[in-house]
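Structure record follows, encoded as structure tokens.
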Amino acid sequence: MDAAGLRPLGIGEMLDVAIKLYRRRFGTLVRAVAVVIGPIYGLLVIVQLSLIPTQDDIAAIESTDPVTGMPEFDWGILWAFVAGALVFGLAYFLASQLATAASFRVVSAGYLGEDVEWRDSLRFAVGRLRSLVWLSFLLAVFIGVGFLLCIVPGVYLFGAYAVAVPVLLLEELRGRAAMKRSRALVSGRWWPVVAVIFLGMLLAQIVSSVLTGIFTIPLGSADNEVASILGNAVGSTLSAVVVTPFTAAVTTVVYFDLRVRKEGFDLELLAREVGVAPAERAMFFPPPAPPPPPSGAQPPFWPPPPGWRPPDA
């Protein structure tokens, strides 16, 4: 489809475009996400294996106080578990921010007809990590408070801030400015935006559950804690690598669709603004329906006979 022919898309069309973008850039997306997510789950495996209790630990836990006769609890095991969980949680949060930003970069460039290497996308993400962390904190606070206030405000803010991350990454607006811009873009289109995001999340959750279950259920049923830990880590890693780019693709398509609808942008104008020079035509979009011919202008059959012209020609 020509850049000048970019048009607003329906809900199903947006999902279709997101899936096509995801498939066309699958290799680049997987590399960009796996490079940052894989080592984090490797860290999780190391932490979990180090916390498997030995026979001495079990004996210490099961021992009783000689005075009171009450079971003694080894607080060192608990604090080790808490420390490991905190380290993994922080590392995973930062890695997920990088993976999401890199995925947005690859998908947005693909939307505009450009190929971006996974290394370039990660460099792009690293340069915006601090702003992403701050925006994530603000979104968590605002949406979390909204859910505490009878749930409905939280649901509304979830939709209103749906495109805050692509706004930050592609328009260089940070913090509250990105949230305000997202809310302005979504205004008047809240229901379609939430519908697309929800359907994308539902598809992602289904795929994630299947991939995680393939490795977790067979190994988890075995009486081997090490195999269970490894299976869970492999399944979770594969799930994150596959699902993270897809959710980014859905959000990116929603963002561009809002700009096309509200600002009349086409691919070439968007490409210049984002700093991408389209190298090829975007072939992801369904062609627009041809305009109906004026009344009385139809040929007697198709293709028209030689020399046939509309009556008003």
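The hydrophobic cluster containing Val141 also contains Phe147, counting ILVMFWY residues as joined when their side-chain heavy atoms lie under 4.5 angstrom apart, directly or transitively. Side-chain heavy atoms closer than 4.5 Å link hydrophobic residues (I, L, V, M, F, W, Y) into clusters, and following such links, possibly through other members, connects Ile151 to Met201. No path of Ile, Leu, Val, Met, Phe, Trp and Tyr side chains, each step under 4.5 Å between heavy atoms, connects Phe142 with Val152, placing them in separate hydrophobic clusters.
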Would Ile197 and Val254 count as a side-chain contact (heavy atoms from CB on, under 4.5 Å) here? Give the steps.
CA-CA 8 Å; Ile197 297 295; Val254 170; 4.3 Å; yes

Output, in order, the C-alpha distance, side-chain angles, deciding distance and verdict of side-chain contact (heavy atoms from CB on, under 4.5 Å) for Leu203 and Val207.
CA-CA 6 Å; Leu203 291 173; Val207 174; 5.6 Å; no

Given Thr28 and Val116, is the side-chain contact (heavy atoms from CB on, under 4.5 Å) satisfied, shown in steps?
CA-CA 8 Å; Thr28 304; Val116 176; 5.8 Å; no

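The shortest side-chain heavy-atom distance between Leu170 and Phe256 falls under the 4.5 Å cut-off. Side-chain contact between Leu90 and Leu86 is absent, with no heavy-atom pair separated by less than 4.5 Å. With contacts defined as side-chain heavy-atom distances shorter than 4.5 Å, the pair Leu132/Leu98 does not qualify. Side-chain contact check for Ser96 versus Thr244: every heavy-atom pair is 4.5 Å or farther apart. Under the 4.5 Å side-chain criterion, counting only non-hydrogen atoms from C-beta, Thr251 is in contact with Phe104.
Formation of a donor-acceptor pair under 3.5 Å by the Ser121 side chain with backbone atoms of Trp118 is found in this model. A donor-acceptor pair is defined here as one N or O able to donate and one able to accept, closer than 3.5 Å; such a pair exists between the side chain of Ser182 and the backbone of Ala160. Judged by distance alone, the side chain of Arg31 and the main-chain N or O of Gly27 form a donor-acceptor pair under 3.5 Å. A donor-acceptor distance shorter than 3.5 angstrom exists from the side chain of Tyr22 to the backbone of Val242, with no hydrogens or angles considered.
Glu172 and Arg128 are joined by a salt bridge, as a carboxylate oxygen and a charged side-chain nitrogen come within less than 4.0 angstrom of each other.
Rounding to the nearest 0.5 angstrom, the gap separating the CG atom in Leu15 from the CD atom in Glu13 is 10.5 Å. Taken to the nearest 0.5 Å, the CZ atom of Arg174 stands 11.0 Å off from the CG atom of Leu135. Atom CE in Met179 sits 6.5 Å away from atom CZ in Arg176 (nearest 0.5 Å). Interatomic distance, CZ of Arg181 versus CG of Leu168, reported as 13.0 Å (0.5 Å rounding).
With no hydrogens or angles considered, no side-chain donor-acceptor pair links Arg25 and Tyr111 at under 3.5 Å.
Around the CZ atom of Phe158, the shell of radius 6.0 Å holds no more than 12 heavy atoms that belong to other residues, nucleotides or ligands. Under a cut-off of 6.0 angstrom, the local environment of CZ in Phe93 is crowded, with over 12 non-hydrogen atoms contributed by other residues, nucleotides or ligands.
The side chain to side chain donor-acceptor pair (under 3.5 Å) contacts involving residues 188-208 comprise Gln205-Ser209, Ser208-Ser239, where partners must be two or more places apart or lie in separate chains.
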